[in-house]
Amino acid sequence: MSVRVRFAPSPTGYLHIGSARTALFNYLYARHTGGKFLLRIEDTDLARSTEESTRSILDGLAWLELNHDEEIVFQSDNADKHRETARKLLAEGKAYRDFTPKAEPNEANVKDTIKDRARANQGEKNMRDNPFRDLSVEESDARAEAGEPFAIRLKVAEHGRTAFDDAVYGIQERNYHDTEDLVLLRSDGHPLYNLAVVCDDIEMAITHVIRGQDHLTNTHKQVLIYEALGITPPTFAHLPLIMAPNKGKLSKRKHGEVVSMTTYRDAGFLAAAFRNFLALLGWSASEEQEIYSLEELVQKFSLEGIHRSNAVFNFTENDPRKWTDDKAQWMNAEYIRTMPVEDLLRFVKPELKAAKLWRDEYEDDDREWFEKTINLIRQRFFTLKDFSKQGRAYFSEDYDFDPAAIEKNLSKFPDLKTWLPELADRFEAEFADKPYDEENIEIVVKAFTEEKDTKLGVIMNGARTLLTGVAVGPSMLSVFEIIGLDRTIMRLRSQVAWT
RNA sequence: GUCCGGUUCGUCUAGGGGUUAGGACACCGCCCUUUCACGGCGGCAACACGGGUUCAAAUCCCGUACCGGAUACCA
């Protein structure tokens, strides 16, 4: 039977880094096995689901290039089928009506309330003590017909255990004793998560459920539903969780945008690099290679390579340099400086366009210059943003001067205020009749340096500041050449940086 | 509380009876260089703890600690 997996996010926010990795693993497994990667939006929680969130998640997946097969399934569209299934189980005596009035959840802190309640039970709670569990069919029917509201709960047997062989965690067993008679259908008629998931997974013919480890207990409940339905459950593979630096939960509320996929897109990350980084969080091919193309990931991915322990997404709040995981930043830089230039150009173009630095000539008349420039400046860049920020001076006359660069390379050497314009004159004279290339530039600048009885670095770094606005970059000889004679002369004469 | 899971450098990880416990990122130092966040070389740094089993344990077993997850008419 061919593999069918699904990524099933609930649209209650943007695409979280953990969800993105789950999607990636599902995608890789599907492609590796030649199966299908399906998408299902779990929007059964009407109160929290939003269309905007769905769009944001879809955007995130599109950015990561995790294209799904077949039509997107919206879980809410299947509510009738879910209800039908619940009624079927009720009719078969595998579920029962619970007429207990619905308890309103404490809005403020649902999680804590639940935890406190569970703790208060001291683990002594009998999961089978629901008074309506053994209500006679006649009475149950009568009360329902009389219009009394009820929820439908699964009737979990007194003795026995659920068991499944997790592809990552191995054999998982749980006594029925520890599982409550879970609610399948709310008293307002809305199907609940566990029921909906099972129905849809069956409907979609899912063969492998790959999802976060936080679903481990849900899986036992779902196995129960499969058993009640008489259907063989799919294979489960639970993924270790991605934690915050303090090993606590990585949450949208506490950690903000670092966990959102769109943040990385907007910060100038390459999808390929981030995908690569994500793939290595909780999975490895048991080898030392770390840079993988998508094709390699697809080829090497296996459920066996998934780890059992949680991974930390490492970043330091309030440290701009380490706002996100170091390795993710390094990997992005690695991609930027090593990928084929032609590929990189496709990503640089929209970046420059967005910054209003793009000129169509870069694709025809100036293509050679453009490619050479990108190739030169990418060596020290970390993100696509750097092309429009640090690299701005290569594409525009309207660029800023980094105060630190001025301080370091200009202010300390007041002579440069007259020397640099002088160098401009020298360039103008010297290059009137010879090629403005690195070799000749070096000769001229060195001669100039000797005349002024100063160090080469003083002239070079002063020029760098004037020509590029920043203190870092490629070899100055290359910079002179790539900026071109006219712009070099103009910028060396300019006094704006000095004011 | 109860159930479940986990624990190798700061982080991501390799190794699953005999290894100088390997790599990557980060950090530090040196080199290259006109500066530099490129590059090169090097350094720091880990088997949670306690018992077993064994000639031999990071590796197998048990316990403890710690961390995490779940515990809802949320998903």
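Numbers restart at 1 for each chain; the letters A, B, ... are given by sequence-line order, proteins then strands.
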Enquirer: Atom NZ of A:K412 to atom C1' of B:rU34: distance rounded to whole Å?
Expert: 15 Å
Enquirer: Take atom CG of A:L216 and atom P of B:rG69, then tell me their distance rounded to the nearest Å.
Expert: 13 Å
Enquirer: Nucleotide by nucleotide, 5' to 3', does protein get under 4.0 Å of the base (B), only the sugar-phosphate (S), or neither (-) in nucleotides 37-43 of chain B, counting heavy atoms?
Expert: BBS----
Enquirer: Consider the side chain of A:M460, meaning its heavy atoms from C-beta on, and name the nucleotide among B:rU34, B:rC73, B:rG68 that approaches it most closely.
Expert: B:rU34
Enquirer: Using a cut-off of 4.0 Å on non-hydrogen atoms, how would the nucleic acid contact of A:P101 be classed: base, sugar-phosphate, or nothing?
Expert: base
Enquirer: Which atom pairs link the protein and nucleotides 58-65 of chain B when you take only N or O atoms and keep those under 3.5 Å?
Expert:
none

Enquirer: Which nucleotide sits closest to the side chain of A:N461: B:rU35, B:rC4, B:rC74?
Expert: B:rU35
Enquirer: Please state how far atom CD in A:Q222 lies from atom C1' in B:rA75, giving the value in whole angstrom units.
Expert: 11 Å
Enquirer: Scan nucleotides 6-16 of chain B nucleotide by nucleotide, 5' to 3', and note B when protein non-hydrogen atoms come under 4.0 Å of the base, S if they reach only the sugar-phosphate, - if neither.
Expert: SS---SBSSS-
Enquirer: Regarding A:Q289, tell me which of base, sugar-phosphate or nothing describes its non-hydrogen contacts under 4.0 Å with the strands shown.
Expert: nothing
Enquirer: Are more than 12 heavy atoms from other residues, nucleotides or ligands located less than 6.0 Å from atom NZ of A:K249?
Expert: no
Enquirer: Between A:E148 and A:R97, does at least one N-O distance fall below 4.0 Å, as a salt bridge requires?
Expert: no
Enquirer: Side chains of A:R491 and A:L467: closer than 4.5 Å at any heavy-atom pair?
Expert: yes
Enquirer: Under a 4.0 Å N-O cut-off, is there an ion pair linking A:D181 with A:R128?
Expert: yes
Enquirer: Check this for me, if you would: do A:E317 and A:K322 make a salt bridge, where the nitrogen-to-carboxylate-oxygen distance has to be below 4.0 angstrom?
Expert: no
Enquirer: Give the nucleotide from the list B:rA75, B:rC73, B:rU34 with an atom nearest to the side chain of A:H215.
Expert: B:rA75
Enquirer: For A:T338 and A:E334, indicate whether the former's side chain and the latter's backbone hold a donor-acceptor pair under 3.5 Å.
Expert: yes
Enquirer: Quick one: is the NZ or CZ of A:K252 closer than 6.0 Å to the six-membered ring centre of A:Y14, and within 45° of its axis?
Expert: yes
Enquirer: Across the strands shown, which category fits A:P240 at heavy-atom distances under 4.0 angstrom: base, sugar-phosphate, nothing?
Expert: nothing
Enquirer: When all nucleic acid strands are considered with a 4.0 Å heavy-atom cut-off, which category describes A:M331: base, sugar-phosphate, or nothing?
Expert: nothing
Enquirer: With a 4.0 Å cut-off on heavy atoms, is A:S475 in touch with a base, just the backbone sugar-phosphate, or nothing at all?
Expert: base
Enquirer: Kindly say whether, by distance alone, the side chain of A:S187 makes a donor-acceptor pair under 3.5 Å with the base of B:rC73?
Expert: yes
Enquirer: Rounded to whole angstroms, how far apart are CD on A:E438 and C1' on B:rU33?
Expert: 14 Å
Enquirer: Across the strands shown, which category fits A:K249 at heavy-atom distances under 4.0 angstrom: base, sugar-phosphate, nothing?
Expert: sugar-phosphate
Enquirer: Would you mind classifying the nucleic acid contact of A:T12 as base, sugar-phosphate or nothing, using non-hydrogen atoms under 4.0 angstrom?
Expert: nothing
Enquirer: Could you tell me whether A:E84 and A:K88 make a salt bridge, using a distance below 4.0 angstrom between a side-chain N and a carboxylate O?
Expert: no
Enquirer: Tell me: CG of A:L477 to P of B:rU35, nearest whole Å?
Expert: 12 Å
Enquirer: Looking at A:K372 and A:E481, does any basic side-chain N land under 4.0 Å from a carboxylate oxygen?
Expert: yes
Enquirer: Tell me whether A:R21 forms a cation-pi arrangement with A:F25, defined as NZ or CZ under 6.0 Å from the six-membered ring centre and within 45 degrees of its axis.
Expert: yes
Enquirer: Rounded to the nearest Å, what distance is computed from the CG atom of residue A:L154 to the C1' atom of nucleotide B:rA72?
Expert: 16 Å
Enquirer: Confirm from the modelled atom types if A:N194 and B:rA75 form a donor-acceptor pair under 3.5 Å, side chain to base only.
Expert: no
Enquirer: Need to verify one output field. Residue with the more 5' nearest nucleotide on RNA chain B, A:A328 or A:L192?
Expert: A:A328
Enquirer: Taking the basic N atoms (NZ, or NE/NH1/NH2) and the acidic carboxylate oxygens, is any pair closer than 4.0 Å for A:D45 and A:R48?
Expert: yes
Enquirer: Taking NZ, NE, NH1 and NH2 as the nitrogens, is one of them in A:R40 or A:E203 under 4.0 Å from a carboxylate oxygen of the other?
Expert: no
Enquirer: Select base, sugar-phosphate, or nothing to describe what A:N409 touches, counting heavy atoms under 4.0 Å on all strands.
Expert: nothing
Enquirer: For the pair A:H238 and A:F164, name the ring-plane relationship: parallel under 30°, tilted 30 to 60°, perpendicular over 60°.
Expert: tilted
Enquirer: For the side chain of A:S10, starting at C-beta, report the closest nucleotide among B:rC3, B:rA75, B:rU71.
Expert: B:rA75
Enquirer: Quick one: A:Y96 OH to B:rC73 C1', roughly how many Å, whole number?
Expert: 12 Å
Enquirer: Is the phosphate of B:rC73 approached by A:R153 (side-chain N or O, under 4.0 Å from OP1 or OP2)?
Expert: yes
Enquirer: Take the protein atom CE of A:M476 and the nucleotide atom P of B:rU34, then report the distance between them rounded to whole Å.
Expert: 13 Å
Enquirer: Do the side chains of A:D319 and A:R321 get close enough for a salt bridge, i.e. N-O under 4.0 angstrom?
Expert: no
Enquirer: Here's a test of your reading of the structure: between A:A8 and A:I171, which maps to the more 5' nucleotide of RNA chain B?
Expert: A:I171
